[in-house]
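Order of the sequence lines fixes the chain letters, A, B, ..., with proteins taken first and strands second; residue numbering starts at 1 for each chain.
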Amino acid sequence: MEALGITLQQLLTQLVSFLILFFLLYKLAYTPIVGMLDSRAKKIKESLEMAEVARLEAVSSAERVESEIASARQEGQKIISDAREAASKLREQEQSRARAEVESMLDRATSEIAREKDSAIEEVRKEFAGLAVTAAERIVERSLDAKSHSSLIDAVLKEGLNERKN
Amino acid sequence: MGKLLSSPKLLAIAIGVVAALLISVAGGALGASFGFGWFGGPIPFISLPAERVAYIGSYPLLNTTVMFWFGGLILIFLAWRATRKMSDVPSGLQNLFEVIYEFFGNTVDGVAGGKAKAGRRFLALVSTIFLVVVIINWVGILPGVGSVGRIETIEEWVHHHLPKVEAKVQEKHPEYTPVQTEAAALVHLLEDHGEDTFVAFDGSIVPLGRGEQARVPLNKIITFSESGLHQIEEAIHDGDDLDGLPLLDSIHSDIKKGVVQGEFVYKGQDFKGKTVGLLVPFLRGASTDINTTLAIALVAMFTVQVWGVRALGVRGYGGKFFVNPISQGPIATFVGILEGFGELTRTLSFTFRLFGNMFAGEVLLIAMAFLLPLIGIIPFMGLELFVGLIQGYIFAMLTLVFGVMAVASHGDHDTHAGDH
């Protein structure tokens, strides 16, 4: 022991020195550094977890948006097709109504025409009667011969017709 | 080679390196044999025990203790600087310490195995051992450590060695008076160490160019003769009055003077009258003192036992060493006893591994400074830095491995049995 230089005094000195050094390093280096490493590891872990959560959320919200878009599209399609259907119905209705109107107008026109015709005929008849009377008067005024008789009537008729034409 | 010759800068560097090498070879111990040797420094006296450099009261302060405290202060200062202003984004010293602790944190968890942070209980000691051992190894190879010192005079030298011899004499002849004991011890000392050599100094500084300086044997410093010593021995034996012996007086006065007495000419220089002594370095690497390494080893192995007891309980941990021969069989008992001896040998191997490596490193540096002064030492300093780091790592890792083995319960202990 002596030759190696081991003495109790020096051994205790180094032992105590080492223990003091250990204590100081524990306080000064180990605790703060390891604490820092741990807290940083925790922080990183937490932020990774948060990122994962955010990612999942993003995925789910994207899905939701997609489904919403799809449903909106469906709805739009439905609205369009409804509108189209309604339009065609409306058109048909309008068409049939128009046709009916046209028909009724036609009927009315036809009956009007008929009435007009009747009244015209009536008028013509009345006119003719007058004319005939007139013609008869003239004939009577002139000593009537058969020939001038008939030419007179013709002239009256012509006159009446021309008058009517105008 | 062609590239080397074509570039004048490289060529100049190459020539410079070769020239420096030649100068250092010629200036060192090899050159000294041929009449050169301008740069040789004094060879410090290589002693296994650490040297005393001062006394605090009656407490002898060793040069290795000084370096241990110095290294410790550096480490504390660095740690304080590193953790003074901690930031989440580390830089500088904080980064360095974080790298070290993180590395050991991962290592202890890896070696301990199992769940996360399984090795956390080992981390504080393992990392501290690494840091302390590396720092004391490194400050131990700073230039000036081990080579700057004071001269231990002959008087001091005798003063150191006499008590041991006196104790031996007293054991043999308890009837001697203190004066007789001292005289007898002195005689023994001169007989045993008459051929020991000491360095002749020029004043207090050894000038460069005396690297292979004269080693003066003790019998040229203290004049004595075999017959004279016998006379003194007889006088002691006969119980004569020792005050009257002229030889003893002259020995005492020679010791006090501590200069070369006899003719001693070396390389044409007469050393008569020059002071002689030993170069005692003021500073010496703490890990070259076995007290230091033993202290750290004791702390490590003691803590290993504490880990073992805390993990397995007194019965469980003690059961590794004391096995019932009846229920377990005598072989298991024997293995248990070996296991107990293993703890002791581990302490010793810890101690001597670090001490041996660092002491050898110091001697290597001294030898290289002696053989190839100036530049020869540079690669070896690099080597010693590396050795210092590796030794710190080995110390820490072995502590960890022993700790893991200690906390392993009986069942899975067998799997580790191979790594002693």
Problem set entry | Proximal component of Lys27(A), with respect to chain B [non-hydrogen, under 4.5 Å] | neither
Exercise. Tell me, side chain or backbone of Phe352(B) under 4.5 Å from chain A's heavy atoms, or both, or neither?
Worked result: side chain
For this session: Check Arg40(A) against Pro90(B) and note the closest heavy-atom contact, atom names and distance.
Result: NH2-CD, 3.6 Å
For this session: For Thr128(B) and Tyr30(A), run side chain to side chain contact (heavy atoms under 4.5 Å, CB included): C-alpha distance rounded to whole Å, both residues' side-chain angles, the deciding distance at 0.1 Å, then the answer.
Result: CA-CA 8 Å; Thr128(B) 306; Tyr30(A) 177 81; 5.7 Å; no
Problem set entry | Part of Ile76(B) within contact of chain A (heavy atom distance under 4.5 Å) | both
For this session: For Leu11(A) and Asn291(B), work out which heavy atoms get closest and say how close.
Result: CD1-O, 3.4 Å
Seminar exercise, completed: The interface call for Arg84(B) against chain A, heavy-atom contacts under 4.5 Å, is neither
Seminar exercise, completed: Closest non-hydrogen atoms of Phe22(A) and Ala124(B), given as atom of the first, atom of the second and distance, are CE1-O, 3.7 Å
Problem set entry | Per-residue contact mode, Leu12(A) against chain B (heavy atom under 4.5 angstrom) | neither
For this session: Identify which part of Leu123(B) has an atom lying under 4.5 Å from any heavy atom of chain A, answering side chain, backbone, both or neither.
Result: both
Exercise. What residue, out of Tyr59(B), Trp69(B), Phe97(B), has the most heavy-atom pairs lying under 4.5 Å from chain A?
Worked result: Tyr59(B)
Exercise. Given a strict heavy-atom distance threshold of 4.5 Å, which part of Ser87(B) is in contact with chain A: side chain, backbone, both, or neither?
Worked result: backbone
For this session: Using non-hydrogen atoms and a 4.5 Å limit, figure out which bit of Leu125(B) sits close to chain A: side chain, backbone, both or neither.
Result: both
For this session: Answer yes or no: is there a side-chain heavy-atom contact under 4.5 Å between Gln14(A) and Leu294(B)?
Result: no
Problem set entry | Residue Gln95(A) excluded, over 12 heavy atoms near CD under 6.0 Å | yes
For this session: Check the pair Glu102(B) / Ile33(A) against side chain to side chain contact (heavy atoms under 4.5 Å, CB included), numbers first and verdict last.
Result: CA-CA 9 Å; Glu102(B) 187 153 34; Ile33(A) 297 271; over 6 Å; no
